[in-house]
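In this chain, numbering begins with 1 at the start of the sequence shown.
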Amino acid sequence: MRKHSVMVGNRVLYYAAQLSHAQRFARARQAEGIEAYVVPDKTPPRARTVRMNPLTGQPYNSPRSGKRAVKHTA
């Protein structure tokens, strides 16, 4: 899980999994007069593994790019 930090000086006030949540928390502290700033997590996201359906042997969420009807407007 990602760990974006909201800091005041050298002290961590808040950890967030989403960067937007950390930024929102920091803006709220700044509105209160606290000099908070965000330190984004620089670790690369982990690779997701494909989950296979044991009944069909196919992935659960297969891409449906060719099966949808495409609407064309002229």
Side-chain angles (χ1 to χ4, degrees):
M1 182 179 292
R2 306 294 295 215
K3 218 172 176 185
H4 305 291
S5 306
V6 176
M7 310 280 290
V8 172
N10 292 339
R11 193 174 67 148
V12 176
L13 283 182
Y14 181 68
Y15 287 117
Q18 291 185 359
L19 183 58
S20 62
H21 293 180
Q23 291 168 337
R24 179 181 292 175
F25 185 85
R27 279 194 309 267
R29 300 298 75 79
Q30 290 166 359
E32 294 172 350
I34 300 171
E35 297 203 16
Y37 60 95
V38 177
V39 178
D41 189 4
K42 297 293 184 184
T43 59
R46 65 183 177 104
R48 300 180 108 186
T49 57
V50 177
R51 292 185 4 187
M52 300 300 280
N53 185 335
L55 296 175
T56 63
Q58 299 294 318
Y60 277 109
N61 295 323
S62 61
R64 301 179 193 269
S65 59
K67 295 182 182 179
R68 284 194 175 172
V70 179
K71 280 188 173 181
H72 293 286
T73 56

When rounded to the nearest 0.5 Å, the distance separating NE2 of His4 from OH of Tyr15 is 12.5 Å
Atom CZ in Arg2, atom CD in Gln18: separation rounded to 0.5 Å?
11.0 Å
Between [X] and [Y], what is the shortest heavy-atom contact and its length?
| X | Y | answer |
| --- | --- | --- |
| Ala22 | Val38 | O-CG2, 3.7 Å |
| Val6 | Phe25 | CG1-CD2, 3.8 Å |
| Tyr37 | Gly9 | OH-O, 2.7 Å |

Should Tyr14 and Val8 be regarded as members of a common hydrophobic cluster, given that ILVMFWY residues are connected when their side-chain heavy atoms come within less than 4.5 Å of each other, either directly or indirectly?
yes
Sidechain-backbone polar pair: Gln30 side chain, Ala36 backbone, donor-acceptor under 3.5 Å
yes
Residue Glu32 excluded, over 12 heavy atoms near CD under 6.0 Å
yes
